[in-house]
Amino acid sequence: MIENVDMSLVDWSRAQFALTAIYHWFFVPLTLGLSFIVAFMETIYVKTGNEKWKKLTKFWMTLFGINFAIGIATGLILEFEFGTNWSNYSWFVGDIFGAPLAIEGILAFFLESTFIAVMFFGWNKVSKKFHLTSTWLVAIGANLSALWILVANAWMQNPVGMTFNPDTARNEMINFWAVLFNPVAVDKFLHTITSGFLLASVFVLGISSWYLLKGREEWLAKRSILIAGIFGLISSLAVAFTGDSSARTLAKVQPVKFAAFEALYEGKDNAGLIAFGILKDSDQKIGEKNIKNFVVKIEIPGLLSILSKGDKNGFVPGIRDLVSGSSDERQILSVAQKMEKGRYARDILNNYKEAKRINDKEQIEKIKNIFKDRNFIDNYFRYFGYSFLKTPEEAIPNVSVSFYTFHLMVMLGFFFILVCAISVFLLLKGTLLKNKWFLWVTIFSVPLAYIASESGWVLTEMGRQPWIIQDLMPVSAAVSQISAGSVIITFILFAVLFTALLFAEVSIMVRQIKTGPNHKEEVQ
Amino acid sequence: MNYIFQKFKSVFNFYYDGFRNMSLWGRKVWIIIIIKVIIIFAVLKIFFFPDFLRKNFKSDKQRSEYVLDQITCSTVIND
């Protein structure tokens, strides 16, 4: 029983999943964005017939291929972990997770076995237009493939479109479109793919700048900077726009996570957005958890209210409001009240279990009908996860991690807008080569883009804690009852395997970049 | 029938030529893919990642009952 759950098992399982997901995400965003950059370049080649554009396309396609091939199947390990380490969760989510992942698997299979092959093997064997179509289909397919993973993740943030079947102990999808067009899914998809476009643009800018600093491949580097700079600038603005939309949605569906982003403990009207801040523990507490105070902060007055409510005077609830609740016109349910409702739902489920055990058919039917009642689902079962909490403050995520990852991601996002804009500006002005300092800035921006991208996911997942499915299931109830020792062993195995893969990727890429586009093997 | 055979042959030749004329980086990457897939499916999946519910229970009914037990008899500690 979960009463005996070993917290080291939960922590190791979490650590293992985090490790796998973080490594997996090293490979994905570059694939999402570089596929489009390659498609733009090949389109210019087909339009102009200029062989230099073909060489340029093939060079970036090579780097895309290395990243794609090494990253492929790393996501499968996450699915293994669901079945082994997170079996309660896997069962509980039912077909809601399975359906999008199956679509993703089929899409990925057809994409990888056909169009990728045409992309790499098809030069001079199929027509230019067919080759170009394949390149575009790979780009669109890779991003559509990501859609289904993100739909599944969005459901974990905001479970919609399902009903719980007490007989099977599973959630069952009743509205596919509600799951697909979940507001969190729409925001998450747009924000994630545009951030992938931006990361790839920064990657291309960085490598092209390195060529310029080395006095090599000037034609390639300048054309690449032009395309990546424009694409990156558009993408970075889109990232800011979709990030804003994402934050608005989160303020509605995950208000505690939203408050944790800003380390906002006390709700207020005209709430300011923290542009920069450093946190420290204070003596004040919510339950047993220390409140964080700011050692230093730069605040933009009213902006948080505008961002979340569209109104400068809008009230933004803080963590304390959301934990303690309020009985005024704001009608915020306290965590304690949610715990009561969750326990009531669990008692009903316990009654069902008992009715099944003694085969009380009348009671079984009665409780099945309760689970079909919208009032019970919306007002009690939706808080089922709270029944696992011992104290209200357990519903608070790690504020420091949420705050710092959010602010790091946002600051870097704005920095990349500048990097892309300055790149295009200096290139068009013809002074890019004279500004060597800026070329260095773009080179060092490449790892920063990865840090920003990873921060986004750390924020998404850590900000949702303690839930694996928002309000429905805490992480600690999702874990399989296996030995912590076996999880530790696989954690170490993964650390070794993924580090080796990352090392292989970086070393093959660096070698290919140093070789450049003029290597005889690459010119067919 | 002959048409289908010719089509199949041309697709086969397309992949065959592609793999045969692959560049150095392509060969390296394919070696990595093969090693990786072997490790993932032949080692990790078989020895370290059995499906917990499939391994321990014979039917979906038993699995449902187990999970129902798990989510109804719990007082989980969250950190």
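Chain identifiers are assigned alphabetically (A, B, ...) following the order of the sequence lines, protein sequences preceding nucleic acid strands; residue numbering begins at 1 within each chain. Values in this document were obtained by computation on a predicted structure and should not be read as measured data.
- Heavy-atom distances place the side chain of A:L493, and not its backbone, under 4.5 Å from chain B.
- Between B:F19 and A:F121, a ring centre-to-centre spacing shorter than 6.0 Å is recorded.
- Using cut-offs of 30° and 60° on the angle between ring planes, the pair B:F12 and B:F8 is parallel.
- Both the backbone and the side chain of A:I70 come within contact range of chain B, with heavy atoms under 4.5 Å apart.
- Two rings, from A:F388 and A:F384, have their centers less than 6.0 Å apart.
- Atom CZ of A:F371 is surrounded by more than 12 heavy atoms from other residues, nucleotides or ligands within 6.0 Å.
- In this structure, chain B has heavy atoms under 4.5 Å from both the backbone and the side chain of A:I66.
- Contacts between B:D17 and chain A at a heavy-atom distance below 4.5 Å involve backbone atoms as well as side-chain atoms.
- Using a 4.5 Å cut-off between heavy atoms, A:R170 does not touch chain B at all.
- Put simply, the residue from A:E354, A:K353, A:R346 that forms a side-chain hydrogen bond (donor to acceptor under 3.5 Å, both in side chains) with B:T72 is A:K353.
- Neither the backbone nor the side chain of A:S486 comes within contact range of chain B; no heavy atom of the residue lies under 4.5 Å from a heavy atom of that chain.
- For B:I40, the parts sitting under 4.5 Å from any heavy atom of chain A are the backbone and the side chain alike.
- Heavy-atom distances place the side chain of B:I39, and not its backbone, under 4.5 Å from chain A.
- If you tally non-hydrogen atom pairs under 4.5 Å between each of A:L501, A:T84, A:N85 and chain B, the highest count goes to A:T84.
- Aromatic ring centroids of A:F17 and A:W12 lie 6.0 Å or more apart.
- By number of non-hydrogen pairs under 4.5 angstrom with chain B, the leading residue of A:I489, A:V118, A:I482, A:D167 is A:V118.
- Note: A:F115 and A:F68 fail the aromatic proximity criterion, with ring centroids not under 6.0 Å apart.
- In this structure, chain B has no heavy atom under 4.5 Å from any part of A:Q465.
- Only the side chain of B:K36 comes within contact range of chain A, judged by heavy atoms closer than 4.5 Å.
- Nearest heavy atoms, A:E172 versus A:N165: OE2-ND2, 2.9 Å.
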